[in-house]
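Okay, structure first, notes after.
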Protein chains: 2
Amino acid sequence: MNLKELASKLGLSPTTVSRALNGYPEVNEVTRERVMAAAKRHNYLPNARAIRLATGRAMAIGHVITVSTKHEIVNPIFADFIAGAGETYSRMGYDMLLTVVNDADEAAAYRSMKTRGTVDGIIVHAPRTADARIARLHEIGLPFVVHGRATGAPEAYSWLDVNNRRAFQRATEFLLDLGHRRIALINGLEFMDFAIRRRSGYEQALAARGVPIDPTLMRSDEMTETYGHRAALAMLTRPDPPTAFLVSSMIIAIGVRRAIEERGLKLGRDVSVITHDDDLSYLRNGDDVPIFTATRSSVREAGRQAAEMLLDNIANPGHDPQTRMFEAELMVGLSTGPAPTKG
Amino acid sequence: MNLKELASKLGLSPTTVSRALNGYPEVNEVTRERVMAAAKRHNYLPNARAIRLATGRAMAIGHVITVSTKHEIVNPIFADFIAGAGETYSRMGYDMLLTVVNDADEAAAYRSMKTRGTVDGIIVHAPRTADARIARLHEIGLPFVVHGRATGAPEAYSWLDVNNRRAFQRATEFLLDLGHRRIALINGLEFMDFAIRRRSGYEQALAARGVPIDPTLMRSDEMTETYGHRAALAMLTRPDPPTAFLVSSMIIAIGVRRAIEERGLKLGRDVSVITHDDDLSYLRNGDDVPIFTATRSSVREAGRQAAEMLLDNIANPGHDPQTRMFEAELMVGLSTGPAPTKG
DNA sequence: TGAGAAACCCAAAGCGGTTTGGAAATGATT
DNA sequence: AATCATTTCCAAACCGCTTTGGGTTTCTCA
């Protein structure tokens, strides 16, 4: 059942039927009702391929997920972000297009999306500092919203981000207030923008209290459980171990906890841990009381809002770039306590 | 730059240019070279919207991710499966379309995909026993491949699955061989097909050795860390606690470990744990020696192959449904040991 | 040398919608 | 009753490709 058939069944022209269904004013309300009813009865849905060609719009948003050949890790927050964004797209009648691409081919992927016309806009994931994609997308002329920020990008662009610096600053202050002085930072890869900002917040808080920054208490790597375990274990076996850890993800924190327990120490008493918590649906930080004291910000909600921003940019082009900053909540859980007194 | 422009630049008709680019035989090789070169030079890429309308194919595969309003958990294996499938699609020139939908609207989503013509086929995720989607998709007439199986589906269909029953049977036998007799099963939701099969393997192994099946040692729920923790803690505080746990996912296992350590017990000595491990990229089971003894099967590889099967089904229609079974490896790690002797 | 086959290319009709530019019918105004 | 504006609808062009059904050349072979 296509438009022409529906039109002939109704004794109307395709033009009128199309207009009736799309809410154009130049059609009698009575006729419109009749058309709507017939469309529903024959469960007619317009062919998306034809609409896309005719309107020149893709009615789809692209998400590019990069997979490096070296460390082929899929970002675990991806699923939740996508789920949030997908809710928005469903509501607005957009499709979501996912492309898995080797990081070297990412620019080519954007260009292809633009010239082949498969998407109307793009969400940029996991920005690095001075991320080249932003300039590229400007040059290609594809609307986009960045989840995160990229320091040092020359032009203005739309983004949505957690206040990572502030979050880690507050977390560090919280530990300092508890008497901790040797606080380790188990960070993500520090060419990622969020990781840089978190470190800066951490260092700033230490500096403000005159606590010396010890580079040997800072690690940066892909955020896995084993990384957390290895890093924490190495630090805890030193003669001057840290009394607290500030870590960049729940998964790292789980590894840190494993190391702590392996050393026969007790989490929240002998060693404190604060983690960032993306509020992932499959990895909740406890039910009532949080397992880990955490800086929390829902990545799912970020997905929802990023999609909204992008669709808004597409619907109202020519506006100034929008930005949106989330403040992470500091949730106090069972993994922090006063610094143990020597003895 | 579109086909018509490129053709006029070359002094050829659009027909010839189209044929040259698509490898049809009725064009001179010299002409073809000339066309290819010009296409590359002007970096021409055909408009996908036009191709789709003209060919009647969507060149896209749909993945539907359901989000229940009650327990809105995004399946954590989703990201890795998608990454695997995406590799295949990229290689074959297909797009991947992701739809997030409330579980009640899933059938409507399939129907819409079919009539609007946005996809050529569908991957069905997380099948339940007697899953209604299979009959629905047959009736709608959309090619599909199921990741998992659905017992009791009336018609034959293509699927790809891990041998869950065998995996859990072997894992149970392994624990029995170590002298364990009170083995708990912390399973996923048992309306999910995989969970049923795992329980069946577990029960079968126990029965074969004449070990009585104790329903109070079996739990079934959404696979989260907190669930694992709660379930294990409850069982460990009983007067007759289990000496081993068989669990359905790494994330559950992490919760179980937390409970074990909270009770002051040692994993692999006082209590043994075997988990199923989907080999998720962000949650590797240790680097050299596995943390957990596990039944392992890569969900990323499953994604790759499921996509290949579906594209094959689409390219060669009318064939019998294909099926593919993976055997999980039993990886011995640090979480299992002989059953502690009473004393 | 002429006929038939093969190779090479093209005009035009599609795919299924949207959108432009009227035309006919109706209503309002003088 | 004539005029003009509105309302309501339609024919046809268009989006950018693919594909059908020829039409020319060139090649092959008797």
Side-chain angles (χ1 to χ4, degrees), chain A residues 1-36 38-39 42-60 93-95 112-120 315, chain B residues 1-36 38-39 42-60 93-95 112-120 315:
Chain A
M1 170 67 55
N2 58 20
L3 186 68
K4 206 191 292 184
E5 288 167 31
L6 185 64
S8 81
K9 238 185 241 302
L10 282 161
L12 290 170
S13 78
T15 306
T16 304
V17 175
S18 168
R19 285 179 165 156
L21 293 174
N22 291 313
Y24 282 79
E26 51 273 82
V27 46
N28 194 327
E29 270 312 315
V30 180
T31 315
R32 189 193 305 281
E33 294 298 336
R34 206 159 61 89
V35 171
M36 296 285 223
H42 298 91
N43 46 46
Y44 165 78
L45 286 180
N47 184 303
R49 298 192 288 253
I51 291 182
R52 285 165 176 165
L53 180 57
T55 60
R57 297 187 306 162
M59 296 306 289
Y94 272 74
D95 281 336
S112 153
M113 286 179 164
K114 167 70 174 185
T115 58
R116 295 174 56 234
T118 53
V119 304
D120 297 320
Chain B
M1 171 67 56
N2 59 20
L3 186 66
K4 206 192 293 184
E5 287 167 32
L6 185 63
S8 80
K9 239 184 240 303
L10 283 161
L12 290 169
S13 77
T15 307
T16 304
V17 175
S18 167
R19 284 180 166 156
L21 293 173
N22 291 314
Y24 282 79
E26 50 275 81
V27 45
N28 194 326
E29 270 313 314
V30 179
T31 314
R32 191 193 306 280
E33 295 298 336
R34 205 159 62 88
V35 172
M36 297 284 224
H42 299 91
N43 47 47
Y44 165 78
L45 287 179
N47 184 303
R49 299 192 288 253
I51 291 181
R52 286 166 175 163
L53 180 57
T55 61
R57 298 187 306 161
M59 295 307 288
Y94 271 73
D95 282 335
S112 153
M113 286 180 165
K114 166 71 174 184
T115 58
R116 294 175 56 233
T118 52
V119 303
D120 297 320

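Residue numbering restarts at 1 for every chain, and letters A, B, ... go by the order of the sequence lines. Keep in mind it's a predicted model, so treat the numbers as computed, not measured.
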With sequence neighbours excluded, residues passing side chain to side chain contact (heavy atoms under 4.5 Å, CB included) with A:Ser8:
none
Once salt bridge (Lys or Arg N to Asp or Glu O under 4.0 Å) is applied, do any residues pair with A:Arg32, and if so which ones, sequence neighbours excluded?
A:Glu29
Going 5' to 3' along DNA chain C, which nucleotides are the first and last within contact of chain A (any atom under 4.0 Å from a heavy atom)?
C:dG16 to C:dG21
What contact category does B:Ile51 fall into here, base, sugar-phosphate, or nothing, at under 4.0 angstrom with non-hydrogen atoms?
sugar-phosphate
So, for A:Val27 and A:Ala20, which heavy atoms are closest and what is the spacing to 0.1 Å?
CG1-CA, 4.0 Å
Least distance between heavy atoms, A:Ala58 atom then A:Gly117 atom
CB-O, 3.5 Å
Roughly how many Å is it from CG in B:Leu6 to P in D:dT18, rounded to a whole number?
12 Å
If I compare all heavy atoms of A:Ala7 with all of A:Ser13, which pair ends up nearest, and what's the gap?
CB-C, 3.8 Å
B:Ser18 side chain N/O closer than 4.0 Å to the phosphate oxygens (OP1, OP2) of D:dT18?
yes
According to salt bridge (charged side-chain N to carboxylate O under 4.0 Å, His left out), does anything in residues 14-28 of chain A pair up with another residue at least two apart or in another chain? List the pairs.
none
By side chain to side chain contact (heavy atoms under 4.5 Å, CB included) - contacts of B:Ser18 (at least two apart):
B:Leu3, B:Asn22
For A:Met1, check side chain to side chain contact (heavy atoms under 4.5 Å, CB included) against everything at least two apart and list the hits.
A:Glu5, A:Leu6, A:Lys9, A:His42, A:Tyr44
Contact pattern, 5' to 3', of nucleotides 7-14 of chain D - B, S or - by protein heavy atom under 4.0 Å:
-BBBBB--
Any residue meeting salt bridge (Lys or Arg N to Asp or Glu O under 4.0 Å) with B:Asp95, in chain and number order, not counting sequence neighbours
B:Arg52
List the residues meeting side chain to side chain contact (heavy atoms under 4.5 Å, CB included) with B:Leu12, not counting sequence neighbours, and say none if there are none.
B:Leu10, B:Thr16, B:Val17, B:Thr31, B:Arg34, B:Val35
Axis deviation across the helix from C:dT1-D:dA30 to C:dT30-D:dA1, five-pair ends, to the nearest 10°:
50°
